[in-house]
Amino acid sequence: MLPGRALFGFAGTLTLLGSGYWLMRGQKKPLYCAFCNPSDLAHIVFEDENFIAFHDRKPDAALHLLVVPRKHYGTVKELTADDQELVIQMLSIGQRLLREAGFSEEKTRFGFHVPPFNSVHHLHMHCLGLPFKPTYAELMFPKDGGRGFILSNRLIERLEKTDVNMKSASAWK
């Protein structure tokens with residue numbers, strides 16, 4: 001198995017993080033998280049004390065970056081209204097990186113996969129500089145969002161509504 005690949009079985013979802021560490025969905029992060037501390041430093045395009053951004057290992061667009069908080073969050077379903085600023089900061093970083101790479105706003109897409117459609121159990125935002133490569137990759141990152149993908153601006157709006165429980169199925173309709 002490659003890092004970041006998930007195995008589905010009767011016990012739930014297992015995700016391989018780094019060198020042989022399997023993480024069960026809902027399990028707390030390992031002491032050393034390979035996803036927010038990547039070993040391939042050549043692919044890092046931004047980092048500070050709170051976030052890191054790097055090239056996706058399997059790009060689905062002309063430019064495909066991931067913005068990752070250094071603090072461990074499993075998925076978007078674990079976020080609360082208190083985490084709205086976190087998502088705003090992630091979006092700001094992603095927008096700046098794609099703008100600096102020469103992509104106009106119309107040629108960008110930012111968002112998160114929603115469980116069970118995520119392959120890594122560490123919150124990360126996809127920053128896509130279009131066009132998609134291959135073109136069918138758009139199915140995984142629909143421009144209006146979809147069942148398995150939520151656009152960053154829509155997530156920010158949902159987090160703004162403090163009465164919405166992000167873990168409930170109705171929050172993702």
Side-chain angles (χ1 to χ4, degrees), residues 1-9 12-79 86-87 89-103 107-143 145-152 155:
M1 294 303 297
L2 297 172
R5 292 292 184 165
L7 289 179
F8 296 92
T13 302
L14 294 174
T15 305
L16 180 63
L17 291 177
S19 57
Y21 188 93
W22 288 97
L23 183 66
M24 176 66 91
R25 176 171 291 145
Q27 182 180 356
K28 297 296 181 198
K29 76 164 188 159
L31 292 176
Y32 176 81
C33 179
F35 194 66
C36 65
N37 295 290
S39 59
D40 187 356
L41 300 178
H43 288 101
I44 295 173
V45 295
F46 171 86
E47 65 180 316
D48 65 16
E49 64 278 355
N50 298 313
F51 300 97
I52 186 167
F54 50 89
H55 291 271
D56 192 293
R57 288 184 47 185
K58 294 183 178 180
D60 290 306
L63 181 59
H64 188 164
L65 303 176
L66 302 176
V67 176
V68 181
R70 289 195 185 270
K71 180 179 176 187
H72 187 80
Y73 295 83
T75 71
V76 294
K77 288 191 173 187
E78 295 177 24
L79 300 177
L86 169 87
V87 178
Q89 290 175 357
M90 292 173 74
L91 179 57
S92 176
I93 291 166
Q95 288 171 330
R96 184 178 42 141
L97 291 172
L98 266 56
R99 187 173 49 250
E100 289 173 358
F103 290 91
K107 294 287 187 179
T108 61
R109 194 161 305 163
F110 303 93
F112 300 83
H113 286 294
V114 179
F117 300 98
N118 59 311
S119 60
V120 176
H121 192 77
H122 188 115
L123 185 69
H124 59 283
M125 182 182 69
H126 293 268
C127 306
L128 301 154
L130 306 180
F132 286 103
K133 293 182 179 184
T135 55
Y136 64 80
E138 185 168 9
L139 297 173
M140 295 185 304
F141 308 96
K143 69 177 177 180
R147 186 169 173 213
F149 184 72
I150 184 167
L151 298 171
S152 298
L155 178 59

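Start at 1 with the first residue, then count along the sequence. Values in this document were obtained by computation on a predicted structure and should not be read as measured data. Values below: all heavy atoms of this structure, side chains included; hydrogens, waters and symmetry mates excluded.
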Would Arg147 and Phe117 count as a side-chain contact (heavy atoms from CB on, under 4.5 Å) here? Give the steps. CA-CA 9 Å; Arg147 186 169 173 213; Phe117 300 98; 4.2 Å; yes
Least distance between heavy atoms, [X] atom then [Y] atom:
X      : Y      : value
Gly129 : Ala61  : O-CB, 3.4 Å
Asn118 : His121 : ND2-CA, 4.4 Å
Phe149 : Leu151 : CE2-CD2, 3.7 Å
His64  : Pro59  : ND1-CA, 3.6 Å
Met125 : Ser152 : SD-OG, 3.1 Å
Phe51  : Arg70  : O-NE, 3.8 Å

Before giving the answer on side-chain contact (heavy atoms from CB on, under 4.5 Å), spell out for Lys133 and Asp60 the whole-Å C-alpha distance, their side-chain angles and the decisive distance to 0.1 Å. CA-CA 5 Å; Lys133 293 182 179 184; Asp60 290 306; over 6 Å; no
Roughly how far apart are [X] [atom1] and [Y] [atom2], rounded to 0.5 Å?
X     : Y      : atom1 : atom2 : answer
Thr75 : Glu78  : OG1   : CD    : 5.0 Å
Lys77 : Ile150 : NZ    : CD1   : 11.0 Å
Leu66 : Ile44  : CG    : CD1   : 12.0 Å
Leu91 : Leu155 : CG    : CG    : 10.0 Å

Any sub-3.5 Å donor-acceptor pair from His122's side-chain atoms to Pro69's backbone N or O?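 Flag set: sc His122 to bb Pro69 pair under 3.5 Å.
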Contact between [X] and [Y] at the side-chain level, heavy atoms closer than 4.5 Å - yes or no?
X      : Y      : answer
Val45  : His55  : yes
His124 : Val67  : no
Leu65  : Phe46  : no
Thr108 : Gln95  : no
Glu138 : Arg109 : yes
Leu86  : Leu123 : yes

Go through it in stages, so that I can follow the logic: the residues are His43 and Arg57, the test is side-chain contact (heavy atoms from CB on, under 4.5 Å), and I'd like the CA-CA distance, side-chain angles, deciding distance and then a yes or no. CA-CA 9 Å; His43 288 101; Arg57 288 184 47 185; over 6 Å; no
Give the ring-plane orientation class for Phe141 versus Phe132, where under 30° counts as parallel, over 60° as perpendicular and anything between as tilted.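 Parallel: the ring planes of Phe141 and Phe132 meet at under 30°.
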